[in-house]
Amino acid sequence: MKILNYIFLSSLLLTTLPLTVEAQEKENQQKESTFAFKGLYLSADILGYLGSFLDDAKSGEIAIEANLGNRFFPTFEAGYASIDFIDENFGIHYKSAAPYFRAGLNYNFSYQKGKAPRPNYVYGALRFGCSKMTYDVSSPPIHDPVWGGEVPFSHSDVSGFASWAELGVGVNAKIWKNLRMGWCIRYKARLNVINSEYTRVGYIPGFGKNRHTRFGATYSIIYEIPYKQK
(Lines give C-alpha, C1' and ligand atoms only; values in the text may rest on other atoms or scores of the structure.)
Protein backbone atom coordinates (compact mmCIF):
# COMPACT_ATOMS: atom_id res chain seq x y z
CA MET A 1 0.00 0.00 0.00
CA LYS A 2 2.83 2.36 0.89
CA ILE A 3 4.46 1.59 -2.44
CA LEU A 4 1.28 2.55 -4.31
CA ASN A 5 1.04 5.81 -2.39
CA TYR A 6 4.65 6.56 -3.21
CA ILE A 7 4.09 5.87 -6.91
CA PHE A 8 0.97 8.08 -6.91
CA LEU A 9 2.70 11.03 -5.22
CA SER A 10 5.70 10.71 -7.51
CA SER A 11 3.47 10.71 -10.59
CA LEU A 12 1.58 13.75 -9.32
CA LEU A 13 4.84 15.62 -8.69
CA LEU A 14 6.23 14.80 -12.12
CA THR A 15 2.96 15.93 -13.71
CA THR A 16 2.78 19.30 -11.96
CA LEU A 17 6.49 20.12 -12.13
CA PRO A 18 6.56 20.98 -15.88
CA LEU A 19 3.50 23.17 -15.40
CA THR A 20 5.22 25.03 -12.57
CA VAL A 21 8.41 25.48 -14.60
CA GLU A 22 6.41 26.64 -17.62
CA ALA A 23 4.47 29.17 -15.52
CA GLN A 24 7.71 30.52 -14.06
CA GLU A 25 9.24 30.84 -17.55
CA LYS A 26 6.17 32.73 -18.77
CA GLU A 27 6.38 35.06 -15.78
CA ASN A 28 10.06 35.71 -16.42
CA GLN A 29 9.38 36.37 -20.11
CA GLN A 30 6.58 38.77 -19.19
CA LYS A 31 8.85 40.70 -16.82
CA GLU A 32 11.60 40.77 -19.42
CA SER A 33 9.27 42.00 -22.16
CA THR A 34 7.92 44.77 -19.93
CA PHE A 35 11.33 46.36 -19.28
CA ALA A 36 13.41 44.82 -22.07
CA PHE A 37 15.81 47.20 -23.78
CA LYS A 38 14.58 47.82 -27.34
CA GLY A 39 16.88 50.58 -28.56
CA LEU A 40 17.74 54.25 -28.34
CA TYR A 41 16.26 57.45 -29.76
CA LEU A 42 18.54 60.37 -30.55
CA SER A 43 16.76 63.66 -31.26
CA ALA A 44 17.30 67.37 -31.84
CA ASP A 45 14.73 70.09 -31.21
CA ILE A 46 14.34 72.48 -34.15
CA LEU A 47 11.67 74.69 -32.61
CA GLY A 48 14.15 76.39 -30.28
CA TYR A 49 15.93 78.01 -33.23
CA LEU A 50 12.71 79.87 -33.99
CA GLY A 51 12.39 81.13 -30.40
CA SER A 52 13.53 84.65 -31.26
CA PHE A 53 10.13 85.21 -32.84
CA LEU A 54 8.41 84.17 -29.58
CA ASP A 55 10.33 85.50 -26.57
CA ASP A 56 13.62 87.00 -27.88
CA ALA A 57 15.52 83.84 -27.02
CA LYS A 58 17.17 81.09 -29.02
CA SER A 59 18.06 77.59 -27.92
CA GLY A 60 19.50 74.36 -29.25
CA GLU A 61 18.65 71.04 -27.62
CA ILE A 62 19.52 67.37 -28.05
CA ALA A 63 18.08 64.35 -26.24
CA ILE A 64 18.75 60.65 -25.73
CA GLU A 65 15.89 58.31 -24.94
CA ALA A 66 15.95 54.60 -24.05
CA ASN A 67 13.13 52.29 -25.15
CA LEU A 68 12.16 49.86 -22.40
CA GLY A 69 9.59 47.37 -23.61
CA ASN A 70 8.02 49.95 -25.98
CA ARG A 71 6.27 51.33 -22.90
CA PHE A 72 8.70 53.33 -20.74
CA PHE A 73 11.22 55.79 -22.18
CA PRO A 74 13.74 57.27 -19.70
CA THR A 75 14.98 60.53 -21.22
CA PHE A 76 17.86 62.95 -20.75
CA GLU A 77 17.90 66.35 -22.48
CA ALA A 78 20.69 68.92 -22.71
CA GLY A 79 20.59 72.32 -24.35
CA TYR A 80 22.04 75.78 -24.60
CA ALA A 81 19.95 78.96 -24.63
CA SER A 82 20.73 82.65 -25.12
CA ILE A 83 18.76 85.88 -24.88
CA ASP A 84 19.55 89.52 -25.68
CA PHE A 85 16.55 91.62 -24.69
CA ILE A 86 15.91 95.36 -24.40
CA ASP A 87 12.76 96.62 -22.69
CA GLU A 88 11.83 99.74 -24.63
CA ASN A 89 9.50 100.98 -21.89
CA PHE A 90 12.08 100.96 -19.08
CA GLY A 91 15.30 100.80 -21.06
CA ILE A 92 16.45 97.60 -19.31
CA HIS A 93 19.01 95.54 -21.22
CA TYR A 94 19.23 91.86 -20.24
CA LYS A 95 21.72 89.46 -21.79
CA SER A 96 22.47 85.85 -20.90
CA ALA A 97 23.66 82.54 -22.36
CA ALA A 98 23.90 79.26 -20.45
CA PRO A 99 23.33 75.49 -20.66
CA TYR A 100 20.39 73.64 -19.15
CA PHE A 101 19.52 70.01 -18.43
CA ARG A 102 16.37 67.93 -18.03
CA ALA A 103 15.78 64.34 -17.00
CA GLY A 104 12.57 62.36 -16.82
CA LEU A 105 10.34 59.71 -18.36
CA ASN A 106 7.98 59.31 -21.31
CA TYR A 107 5.09 56.85 -21.03
CA ASN A 108 3.52 55.34 -24.14
CA PHE A 109 -0.28 55.75 -23.87
CA SER A 110 -0.72 53.60 -27.00
CA TYR A 111 0.97 50.55 -25.45
CA GLN A 112 -1.09 47.36 -25.59
CA LYS A 113 0.13 44.30 -23.74
CA GLY A 114 0.79 41.29 -25.95
CA LYS A 115 0.43 43.24 -29.20
CA ALA A 116 3.01 44.50 -31.65
CA PRO A 117 4.12 48.08 -30.95
CA ARG A 118 2.54 50.80 -33.03
CA PRO A 119 4.91 52.82 -35.26
CA ASN A 120 3.19 56.05 -34.15
CA TYR A 121 2.16 56.68 -30.57
CA VAL A 122 0.98 59.29 -28.09
CA TYR A 123 2.92 59.67 -24.85
CA GLY A 124 2.90 61.54 -21.58
CA ALA A 125 6.06 63.31 -20.40
CA LEU A 126 7.48 64.11 -16.96
CA ARG A 127 10.64 66.20 -16.61
CA PHE A 128 12.77 67.89 -13.96
CA GLY A 129 15.07 70.60 -15.23
CA CYS A 130 17.76 72.93 -13.92
CA SER A 131 20.11 75.63 -15.15
CA LYS A 132 23.03 77.54 -13.65
CA MET A 133 23.44 80.78 -15.54
CA THR A 134 25.30 84.10 -15.59
CA TYR A 135 23.80 87.27 -17.00
CA ASP A 136 24.37 90.99 -17.58
CA VAL A 137 21.70 93.55 -16.76
CA SER A 138 21.72 97.33 -17.05
CA SER A 139 19.29 100.23 -17.22
CA PRO A 140 19.30 104.05 -17.32
CA PRO A 141 20.42 105.70 -14.04
CA ILE A 142 17.94 105.31 -11.16
CA HIS A 143 16.82 108.32 -9.11
CA ASP A 144 17.80 108.05 -5.41
CA PRO A 145 14.71 109.06 -3.36
CA VAL A 146 16.75 109.50 -0.14
CA TRP A 147 19.91 111.34 -1.13
CA GLY A 148 18.73 112.65 -4.46
CA GLY A 149 20.64 112.48 -7.69
CA GLU A 150 20.94 109.51 -9.99
CA VAL A 151 22.59 106.14 -9.32
CA PRO A 152 23.93 104.03 -12.21
CA PHE A 153 22.53 100.50 -12.50
CA SER A 154 24.75 98.00 -14.31
CA HIS A 155 25.81 94.49 -13.24
CA SER A 156 27.87 91.97 -15.21
CA ASP A 157 28.49 88.23 -14.80
CA VAL A 158 25.77 87.88 -12.18
CA SER A 159 25.22 84.24 -11.12
CA GLY A 160 21.84 82.59 -10.77
CA PHE A 161 20.27 79.15 -10.52
CA ALA A 162 16.79 77.78 -11.21
CA SER A 163 14.97 74.44 -11.21
CA TRP A 164 11.53 73.47 -12.49
CA ALA A 165 9.20 70.57 -13.32
CA GLU A 166 7.33 69.81 -16.54
CA LEU A 167 4.25 67.80 -17.50
CA GLY A 168 3.52 67.27 -21.17
CA VAL A 169 1.86 65.27 -23.90
CA GLY A 170 3.39 64.50 -27.26
CA VAL A 171 3.42 62.41 -30.43
CA ASN A 172 6.22 60.27 -31.85
CA ALA A 173 5.68 59.29 -35.51
CA LYS A 174 7.68 57.18 -37.95
CA ILE A 175 8.55 58.99 -41.19
CA TRP A 176 10.90 56.67 -43.07
CA LYS A 177 12.85 53.64 -41.89
CA ASN A 178 14.64 54.79 -38.69
CA LEU A 179 13.76 58.45 -39.13
CA ARG A 180 11.01 59.81 -36.90
CA MET A 181 9.56 63.19 -35.96
CA GLY A 182 7.61 64.32 -32.95
CA TRP A 183 6.25 67.22 -30.96
CA CYS A 184 5.52 67.77 -27.30
CA ILE A 185 3.51 70.47 -25.51
CA ARG A 186 4.61 71.06 -21.93
CA TYR A 187 3.32 72.84 -18.86
CA LYS A 188 6.23 74.15 -16.77
CA ALA A 189 6.18 75.01 -13.08
CA ARG A 190 9.10 76.81 -11.45
CA LEU A 191 10.40 75.11 -8.30
CA ASN A 192 13.27 77.26 -7.11
CA VAL A 193 15.22 80.37 -8.13
CA ILE A 194 18.38 81.75 -6.54
CA ASN A 195 18.80 85.46 -7.26
CA SER A 196 21.68 87.79 -6.52
CA GLU A 197 21.66 90.52 -3.87
CA TYR A 198 21.09 93.36 -6.34
CA THR A 199 18.96 91.90 -9.12
CA ARG A 200 16.81 88.93 -10.07
CA VAL A 201 17.04 86.34 -12.83
CA GLY A 202 15.04 87.57 -15.82
CA TYR A 203 15.33 84.55 -18.11
CA ILE A 204 15.83 80.85 -17.22
CA PRO A 205 17.48 78.77 -19.99
CA GLY A 206 15.28 75.80 -20.84
CA PHE A 207 12.33 77.29 -18.97
CA GLY A 208 11.75 80.76 -20.39
CA LYS A 209 11.05 84.12 -18.81
CA ASN A 210 11.13 84.01 -15.03
CA ARG A 211 7.52 83.38 -14.08
CA HIS A 212 5.81 80.89 -11.77
CA THR A 213 4.38 78.86 -14.67
CA ARG A 214 4.46 78.89 -18.44
CA PHE A 215 3.86 76.69 -21.47
CA GLY A 216 6.49 75.42 -23.85
CA ALA A 217 6.82 73.14 -26.85
CA THR A 218 9.38 71.10 -28.76
CA TYR A 219 9.40 69.81 -32.33
CA SER A 220 12.11 67.23 -32.87
CA ILE A 221 13.81 65.22 -35.57
CA ILE A 222 14.43 61.75 -34.15
CA TYR A 223 16.72 58.91 -35.21
CA GLU A 224 15.96 55.44 -33.87
CA ILE A 225 18.87 53.12 -33.09
CA PRO A 226 17.27 49.66 -32.83
CA TYR A 227 18.65 46.93 -30.64
CA LYS A 228 18.46 43.29 -31.68
CA GLN A 229 18.65 40.97 -28.70
CA LYS A 230 20.68 37.80 -29.25
Side-chain angles (χ1 to χ4, degrees), residues 41-65 73 75-104 106 123 125-140 153-173 175 179-196 198-223:
Y41 292 160
L42 301 178
S43 63
D45 174 39
I46 61 177
L47 190 61
Y49 293 102
L50 305 177
S52 58
F53 299 102
L54 301 176
D55 59 1
D56 303 290
K58 291 184 179 180
S59 65
E61 179 180 314
I62 58 174
I64 182 169
E65 185 176 348
F73 299 82
T75 305
F76 178 77
E77 301 166 341
Y80 193 86
S82 63
I83 187 171
D84 192 346
F85 172 73
I86 298 178
D87 189 327
E88 296 180 355
N89 295 325
F90 300 96
I92 298 175
H93 184 196
Y94 188 94
K95 186 176 181 179
S96 177
Y100 61 90
F101 306 95
R102 300 193 201 95
N106 291 343
Y123 64 89
L126 173 66
R127 298 285 189 277
F128 291 96
C130 65
S131 177
K132 179 176 173 48
M133 75 291 291
T134 58
Y135 58 92
D136 302 336
V137 58
S138 61
S139 72
F153 182 85
S154 179
H155 298 277
S156 300
D157 295 327
V158 183
S159 297
F161 175 84
S163 61
W164 66 93
E166 300 182 5
L167 284 175
V169 61
V171 171
N172 189 313
I175 304 301
L179 183 64
R180 310 177 70 90
M181 297 189 75
W183 54 261
C184 183
I185 298 175
R186 307 181 182 188
Y187 174 78
K188 306 180 181 184
R190 193 186 64 194
L191 298 177
N192 183 38
V193 176
I194 300 177
N195 296 303
S196 72
Y198 303 103
T199 183
R200 65 188 296 270
V201 174
Y203 175 82
I204 302 172
F207 180 87
K209 291 184 178 180
N210 187 3
R211 301 169 182 169
H212 291 290
T213 60
R214 63 179 290 120
F215 283 94
T218 60
Y219 192 91
S220 303
I221 298 176
I222 307 165
Y223 182 76

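A ring-centre distance under 6.0 Å is found for Tyr135 and Tyr94.
Remark: Ile204 CD1 to Lys188 NZ distance equals 10.0 Å, nearest 0.5 Å. Taking OH of Tyr219 as the reference point, atom CG of Asp45 lies at 11.0 Å (rounded to 0.5 Å). How far NE2 of His93 is from CZ of Phe85: 10.0 Å, rounded to the nearest 0.5 Å. Ile92 contributes atom CD1, which lies 9.0 Å from atom OG of Ser138 (distance to the nearest 0.5 angstrom). Distance check, rounded to the nearest 0.5 Å: CG of Leu47 to SG of Cys184 gives 11.5 Å. Between Ser82 atom OG and Tyr203 atom OH the span is 7.5 Å, to the nearest 0.5 Å.
A salt bridge between Glu77 and Arg186 is present, with a side-chain N of the basic residue lying under 4.0 Å from a carboxylate O of the acidic one.
Closest of all the heavy-atom pairs between Tyr123 and Val171 is CE2-N, 3.6 Å. Shown here for Ile222 and Met181, the closest heavy-atom pair between the two residues is CD1-C, 4.0 Å. Ala81 approaches Ser59 most closely through the heavy-atom pair CB-CB, 3.8 Å. What you find for Ala162 and Val193 is that their closest heavy atoms are CB-CG2, 4.1 Å. The two residues Arg214 and Lys209 make their nearest non-hydrogen contact at NH1-N, 3.4 Å. For the pair Thr218 and Glu61, the tightest heavy-atom approach, listed with the atom from each and the gap, is CG2-OE2, 4.4 Å.
Classification of the Tyr100-Trp164 ring pair by plane angle, with boundaries at 30° and 60°, yields tilted.
Phe128 CZ: 12 or fewer foreign heavy atoms inside a 6.0 Å radius.
Looking at Asn106 and Arg127, their side chains come closer than 4.5 Å, going by heavy atoms from C-beta outward. In this structure, Cys130 and Phe161 have side chains that are in contact, with non-hydrogen atoms separated by less than 4.5 Å. Looking at Ile62 and Leu42, their side chains never come closer than 4.5 Å, going by heavy atoms from C-beta outward.
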Evaluate side chain to side chain contact (heavy atoms under 4.5 Å, CB included) for Tyr41 paired with Phe73, printing each intermediate quantity in order. CA-CA 9 Å; Tyr41 292 160; Phe73 299 82; 3.8 Å; yes
From CA spacing to verdict: side chain to side chain contact (heavy atoms under 4.5 Å, CB included), Leu126, Leu167: CA-CA 5 Å; Leu126 173 66; Leu167 284 175; 3.7 Å; yes
Begin with the C-alpha distance, continue with both residues' side-chain angles, and end with the deciding distance and a verdict on side chain to side chain contact (heavy atoms under 4.5 Å, CB included) for Ile64 and Thr75. CA-CA 6 Å; Ile64 182 169; Thr75 305; over 6 Å; no
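Put simply, the side chain of Arg102 gets close to the backbone of Gly206: a donor and an acceptor are under 3.5 Å apart. Looking only at distances, a side-chain donor or acceptor of Ser131 sits under 3.5 Å from a matching main-chain atom of Pro99. Judged by distance alone, with hydrogens and angles left aside, the side-chain atoms of Asn210 form a donor-acceptor pair with the main-chain N or O of Val201 at under 3.5 Å.
Just one of Asp136, Thr134, Thr199, Asn195 meets the side-chain contact (heavy atoms from CB on, under 4.5 Å) condition when paired with Val158; it is Thr199.
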